[in-house]
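Each chain gets a letter, A, B and so on, in the order the sequences are listed, and its residues count up from 1.
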Protein chains: 2
Amino acid sequence: MRILLVEDEAEMAAALSAALRKYDMAVDRAASISEAEELVALAVFDAILLDRQLPDGDGLCLIPRLRKRGIHTPVIILTAKGTLPDRISGLDAGADDYMAKPFAVEELVARLRAVLRRPADLKPDMVRLGRLNLNLDHLDADVEGRPLRLPRRELLVLATLMRRMGRTVVRATLEAAVYALDEEIQSNALDTHISRLRRKLSEAGAGVEIHGIRGIGYLMKGA
Amino acid sequence: MRILLVEDEAEMAAALSAALRKYDMAVDRAASISEAEELVALAVFDAILLDRQLPDGDGLCLIPRLRKRGIHTPVIILTAKGTLPDRISGLDAGADDYMAKPFAVEELVARLRAVLRRPADLKPDMVRLGRLNLNLDHLDADVEGRPLRLPRRELLVLATLMRRMGRTVVRATLEAAVYALDEEIQSNALDTHISRLRRKLSEAGAGVEIHGIRGIGYLMKGA
DNA sequence: GAACCCGCAATGTAGCCGCAATCTTCGCCG
DNA sequence: CGGCGAAGATTGCGGCTACATTGCGGGTTC
């Protein structure tokens, strides 16, 4: 889950960033509207958290500009004002949800999940392939009921592959799922994760295969 | 168990808050209807205690407004008037229960539990793992009948782990289960609780294990 | 006032994970 | 069909970080 946090206050941004990372989200930060526009051009985000008070104007202005560029990433407004007219103007501008500061992070996470679930409301939290079960929400995996212990990054890679099982996942998508922009990756770290995943899945008798597709990415399917 | 108390009288609110906390409930307070609406937007509560006499109107007005927003949190009305027409109007408005002041806190707690049990009446109150029994309702534990005395926070951690036994519980979920909105945590307090829990469970011969899963959270299972 | 929670900090430790070196596989082109 | 280059697979190593544990002290409760 990759999140863009648009917030000018450094302290607030840092705290929120850290909290969201605990929920295994990759968070990138923009301190202004213009910076946000640049970042949106650089990467695909799953959701945008948008403060209204920004140095170069009301955060709401960002929304129509994104929509004009054909970017329909869901937006959740964050603001100190929680009055009713404020809420309405936010939602009118095209935001998907609204949160007044101060708020509980878990509530924000719940709304994020709700917003992300919206387009395909039917998608289940549990997915199964071969003898492998994975709970995308709580991030735990088991093989026929026997829990499978996996480190964090491998689990994130696995979840991304499972979400699109049977279809190829481009390499960049996998990297994006695991790493935020500011975390640099200058080696074959992803290949390493894939390799270790393959070994563990095989040892656990999961009955799944991860195929490498040269020059493109990976594909996961039952054995 | 997270409770929202809507009550404008400070003294009453403080007393009730303190009393409920003794029953291991995390209580947040709102002094008016509008404040309550904000708080409900901020966090997910398990139940709402609602006074009728509030500075910005009759507390009953809050209920339909919540329901319209798709929030079905159970509501218990608290009021000085206990006449029959009053009760009827309260329940008509969508409240789940009704208490006339003055009341015994024990009775309020009992009604809270009843209301909370309602939606999923089948879920078991007792869970067992290894030689450890835990009553999720009254939050007390025993090992083969011999009562196991545990401090409050450790019990909350234990209960959260037991609810999802055999599956991983993410760290942030545990923190949310133990701490209310206004309580902050800026150290490894959770780790401390886990550590002390492990020791006590082991000394009591509970026959259970709490596995730490690096970067994710914890998992509890039989030894 | 004694007991006990409970948050904090210091310390030790395990294991994740990034890196790089090496080996293998695949595609391309003559 | 054979060789070459590039991408991928695998594995050991080491730094770093999250977690485990424990003592201490302030605060609260009985």
Side-chain angles (χ1 to χ4, degrees), chain A residues 18-19 21-24 26 139 141 148-158 160-161 168-175 177-180 182-203 209-220, chain B residues 14-15 17-24 26 139-141 148-158 161 168-175 177-180 182-203 209-220:
Chain A
R21 272 189 246 271
K22 284 189 186 170
Y23 286 92
D24 294 322
L139 277 189
L148 177 61
R149 253 192 93 181
L150 289 175
R152 205 176 83 93
R153 301 218 120 110
E154 290 172 32
L155 216 34
L156 291 172
V157 170
L158 178 63
T160 309
L161 287 170
T168 66
V169 182
V170 294
R171 198 184 175 80
T173 302
L174 284 169
E175 289 176 353
V178 180
Y179 301 93
D182 52 356
E183 302 180 81
E184 46 190 297
I185 174 175
Q186 47 186 348
S187 77
N188 58 352
L190 179 59
D191 304 60
T192 309
H193 292 308
I194 293 278
S195 174
R196 296 204 252 249
L197 247 183
R198 278 205 260 243
R199 164 193 295 271
K200 285 171 189 168
L201 289 174
S202 153
E203 281 175 355
E209 283 173 359
I210 300 178
H211 294 274
I213 303 194
R214 195 183 183 79
I216 312 265
Y218 293 89
L219 178 150
M220 187 164 184
Chain B
S17 241
L20 290 176
R21 273 189 245 271
K22 284 188 187 167
Y23 287 91
D24 295 324
L139 277 189
D140 57 358
L148 177 59
R149 217 186 135 209
L150 288 176
R152 191 174 134 264
R153 303 217 116 114
E154 289 172 32
L155 260 177
L156 291 172
V157 171
L158 178 63
L161 287 170
T168 64
V169 182
V170 294
R171 196 184 176 81
T173 301
L174 285 169
E175 290 175 355
V178 177
Y179 299 94
D182 51 356
E183 302 179 85
E184 48 189 302
I185 175 173
Q186 48 185 352
S187 77
N188 58 353
L190 179 59
D191 304 60
T192 309
H193 293 309
I194 293 277
S195 177
R196 297 204 251 249
L197 248 183
R198 279 205 260 243
R199 165 192 294 271
K200 286 170 190 170
L201 289 174
S202 155
E203 281 175 354
E209 284 173 359
I210 300 177
H211 294 273
I213 302 184
R214 191 186 181 81
I216 306 209
Y218 293 89
L219 178 150
M220 187 164 183

Whole angstroms only, please: what is the [atom1]-[atom2] distance between [X] and [N]?
X	N	atom1	atom2	value
A/Leu201	D/dT10	CG	P	12 Å
A/Lys200	C/dC17	NZ	P	8 Å
B/Leu219	D/dA20	CG	P	13 Å
A/Glu203	D/dT10	CD	P	12 Å
B/Glu175	D/dA18	CD	C1'	13 Å
B/His193	C/dC5	NE2	P	12 Å
B/Leu190	C/dA9	CG	C1'	16 Å
B/His211	D/dC19	NE2	P	16 Å

Inset, instruction - Work out which heavy atom in A/Gly212 is nearest to a heavy atom in A/Tyr218; give both atom names and the distance. - result: CA-CD2, 3.6 Å
Inset, instruction - Check the pair A/Arg196, A/Thr192 against side-chain contact (heavy atoms from CB on, under 4.5 Å), reporting the backbone distance first and the verdict last. - result: CA-CA 6 Å; A/Arg196 296 204 252 249; A/Thr192 309; 3.0 Å; yes
Legend entry - Pair A/Arg152-A/Val178, side-chain contact (heavy atoms from CB on, under 4.5 Å): steps then yes or no: CA-CA 9 Å; A/Arg152 205 176 83 93; A/Val178 180; over 6 Å; no
Legend entry - Close side-chain approach of B/Glu203 and B/Leu148, heavy atoms under 4.5 Å: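 They are not in contact (no side-chain heavy atoms under 4.5 Å apart), so the answer is no.
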Legend entry - Close side-chain approach of A/Leu139 and B/Thr168, heavy atoms under 4.5 Å: no
Legend entry - Donor/acceptor link under 3.5 angstrom from A/Arg153 side chain onto base of C/dG15: no
Inset, instruction - Check if the side chain of A/Asn188 and the base of D/dT10 share a donor-acceptor pair of N or O atoms closer than 3.5 Å. - result: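 Looking at the base of D/dT10, it does pair with a donor or acceptor on the side chain of A/Asn188 (distance under 3.5 Å).
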Tell me which nucleotide among [options] gets nearest to the side chain of [X].
X	options	value
A/Asp191	D/dA20, D/dA9, C/dG18	D/dA9
B/Tyr218	C/dG7, D/dT22, D/dC19	D/dC19
B/Pro151	D/dA9, C/dC5, D/dT11	C/dC5
A/Ser195	D/dT10, D/dT21, D/dG8	D/dT10
B/Thr192	C/dA9, D/dC24, C/dC17	C/dA9

Inset, instruction - Find the runs of at least 3 consecutive base pairs, i with j, i+1 with j-1 and so on, that include DNA chain D, using Watson-Crick or G-U wobble geometry with both distances under 3.5 Å. - result: C:1-30 with D:1-30
Inset, instruction - Could you check B/Ile216 against A/Gly215 and say which one's nearest nucleotide on DNA chain D is further toward the 5' end? - result: A/Gly215
Inset, instruction - Please check if the side chain of B/Arg198 supplies one atom and the backbone of B/Ile210 the other of a donor-acceptor pair under 3.5 Å. - result: yes
Inset, instruction - Run through B/Leu156, B/Val169, B/Thr173 and flag the one making a side chain to side chain contact (heavy atoms under 4.5 Å, CB included) with B/Leu161. - result: B/Val169
Inset, instruction - Tell me, with the steps shown, if A/Met220 and A/Leu197 meet side-chain contact (heavy atoms from CB on, under 4.5 Å). - result: CA-CA 12 Å; A/Met220 187 164 184; A/Leu197 247 183; over 6 Å; no
Inset, instruction - Start with the C-alpha distance between B/Ile216 and A/Leu150, add both sets of side-chain angles, then the distance that settles side-chain contact (heavy atoms from CB on, under 4.5 Å), and finish with yes or no. - result: CA-CA 10 Å; B/Ile216 306 209; A/Leu150 289 175; over 6 Å; no
Inset, instruction - For D/dT11, take OP1 and OP2 only and decide whether either is under 4.0 Å from a side-chain N or O of A/Arg199. - result: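 Yes.
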Inset, instruction - Could you grab the distance from atom CD1 of A/Ile194 to atom CZ of A/Arg199, nearest 0.5 Å is fine? - result: 14.5 Å
Inset, instruction - Indicate, with a heavy-atom threshold strictly under 4.0 Å, whether A/Arg196 touches base, sugar-phosphate, or nothing. - result: base
Legend entry - Sugar-phosphate only, base, or nothing, as touched by A/Arg149 at under 4.0 Å among non-hydrogen atoms: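 Result for A/Arg149 = nothing.
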Protein-nucleotides 24-29 of chain C N/O pairs closer than 3.5 Å?
from, atom 1, to, atom 2, distance (Å)
C/dC26, O2, A/Arg214, NH2, 3.4

